[in-house]
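Just so it is clear: chains get the letters A, B, ... in the order the sequence lines come, proteins before strands, and each one is counted from 1. All of these numbers come straight from a predicted model, not from anything done at the bench.
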Protein chains: 2
Amino acid sequence: MESSHERSGWSERAAQALAAAGYRRGGARSAIVELLGEQSCALSAAEIEHELRGRSRKVSRASVYRVIEELEGAGLLARVEVGQGSVRFEPALEGPGHHHHLVCERCGRLQPFSDEGLERAIRRLSERMPARISEHEIVLRGACEACAPR
Amino acid sequence: MESSHERSGWSERAAQALAAAGYRRGGARSAIVELLGEQSCALSAAEIEHELRGRSRKVSRASVYRVIEELEGAGLLARVEVGQGSVRFEPALEGPGHHHHLVCERCGRLQPFSDEGLERAIRRLSERMPARISEHEIVLRGACEACAPR
DNA sequence: CAACCAAACGAGACTCAGTCTCATCAGTCG
DNA sequence: CGACTGATGAGACTGAGTCTCGTTTGGTTG
């Protein structure tokens, strides 16, 4: 779990990185970046569109997907495949922010976690595989603490 | 990769398990089970529908999804989320057949792998997490041997 | 400041996987 | 052999995501 000031740093970093990549400042883009920067966990594209309709500014679906694509391309946004066809996005944090997800099969909530043992196992495996591994994604499914306390 | 006689055993097991669960024998269901039993790796729903159109018997999309759901519910079929919104299915083999996937970002091919170190890390993590973990899924992304030989 | 150009944007048509409904078909059992 | 009930197919429908194209806006230049 990350502290919120680390998050707000993200939207600034993102804005800078996009500017450096030659993108102009545009209302839709900055509204999306700002919204993402405030989140504590992943949002779906539809949630981004819907949430923005209510506040700062209405943003079209096309823009939501365009900006997601730019951010993902710049390595600033991580795509999380949650299962059942739903895809979510969240700010990609540097090194220590790297984490994976537990999806509760009961309530559907997403819970981030990280584990050094797991990362080590993946690094070792990557060296042995006959391929160049660039990313990995791990999803655990089960019942979260609230749904099945022990 | 598993030997093929292990695979053909799967379609029999699946047929038995479905019969035991009270399902009647039906043409569409057995055609799908048979096709899945022959595969060496995961198929998408559309591929199942298309492949069957050409051979044994034409099967409607509704039946493909129905049968997938039944098999998944019986723990006979594993769902593999490959990314970019595409979902594939493959026969779930007992213990030793448990594996994960490497998705090539260049050619899109799926390559199964398994690793005891990784499984161990996940078991240990599951015990420490404040949740009941029932499944896990790991996807590695990168360039496969054919696309980026080293 | 005015004018211009390219990038950013919005609206909405379109695609495609997956779901749902309902009429028809076919095992199974009496 | 019927009849009952589950299995199936056809196709309408949904919702996420993509694409196109006309409009708006940021930034730059005269």
Side-chain angles (χ1 to χ4, degrees), chain A residues 14-35 42-74 77 79-90 108 110, chain B residues 14-35 42-74 77 79-90 108 110:
Chain A
Q16 280 186 4
L18 289 179
Y23 292 109
R24 287 185 185 168
R25 307 184 296 131
R29 180 175 299 138
S30 53
I32 294 173
V33 168
E34 190 184 337
L35 174 65
L43 286 181
S44 70
E47 283 165 358
I48 295 172
E49 185 181 359
H50 184 262
E51 178 65 25
L52 286 177
R53 191 184 308 278
R55 30 158 137 182
S56 45
R57 148 179 199 135
K58 188 164 167 296
V59 165
S60 78
R61 201 177 329 157
S63 295
V64 171
Y65 286 103
R66 248 191 306 257
V67 174
I68 284 174
E69 195 182 334
E70 294 163 4
L71 288 169
E72 216 187 339
L77 200 63
R79 170 187 298 255
V80 185
E81 309 265 349
V82 170
Q84 312 312 317
S86 74
V87 179
R88 294 170 164 271
F89 302 88
E90 64 177 8
L110 212 61
Chain B
Q16 280 186 5
L18 289 179
Y23 291 111
R24 287 183 184 169
R25 305 185 300 131
R29 181 175 298 140
S30 54
I32 293 172
V33 168
E34 190 184 338
L35 173 65
L43 286 181
S44 69
E47 283 166 358
I48 295 172
E49 184 182 359
H50 184 260
E51 178 64 26
L52 286 177
R53 191 184 309 277
R55 32 157 134 182
S56 45
R57 144 179 203 135
K58 189 164 167 295
V59 165
S60 78
R61 200 180 328 158
S63 295
V64 172
Y65 285 103
R66 247 191 307 258
V67 175
I68 284 174
E69 195 182 333
E70 294 163 4
L71 289 169
E72 216 188 340
L77 201 63
R79 170 187 298 255
V80 185
E81 308 265 349
V82 171
Q84 311 312 316
S86 74
V87 178
R88 294 169 163 273
F89 302 89
E90 65 179 7
L110 211 60

Can you name the residues that form a side chain to side chain contact (heavy atoms under 4.5 Å, CB included) with [X], not counting sequence neighbours?
X	value
Arg25(A)	none
Ala62(B)	Ser60(B), Arg66(B)
Val64(B)	Ile32(B), Ala45(B), Ile48(B), Glu49(B), Val59(B), Ile68(B)

Integer-rounded Å distance: [N] [atom2] and [X] [atom1]:
X	N	atom1	atom2	answer
Leu18(A)	dG26(D)	CG	P	17 Å
Arg88(A)	dG15(D)	CZ	P	16 Å
Ile68(B)	dA7(D)	CD1	C1'	16 Å

Quick one: side chain to side chain donor-acceptor pair (under 3.5 Å) partners of [X], sequence neighbours excluded?
X	result
Ser44(B)	none
Glu70(B)	Arg29(B)
Glu69(B)	none
Arg24(A)	none

- Quick one: what's the B/S/- string for nucleotides 8-23 of chain C, heavy-atom cutoff under 4.0 Å, read 5' to 3'? SBBB-----SBBB---
- Once you build an axis from the first five pairs and another from the last five of the helix from dC1(C)-dG30(D) to dG30(C)-dC1(D), how far apart in angle are they, to 10 degrees?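 Roughly 10°, once rounded to the nearest ten degrees.
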- Any ion pair linking Arg79(A) and Glu90(A) (charged N to carboxylate O, less than 4.0 Å)?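 A salt bridge is absent here (no side-chain N lies under 4.0 Å from a carboxylate O).
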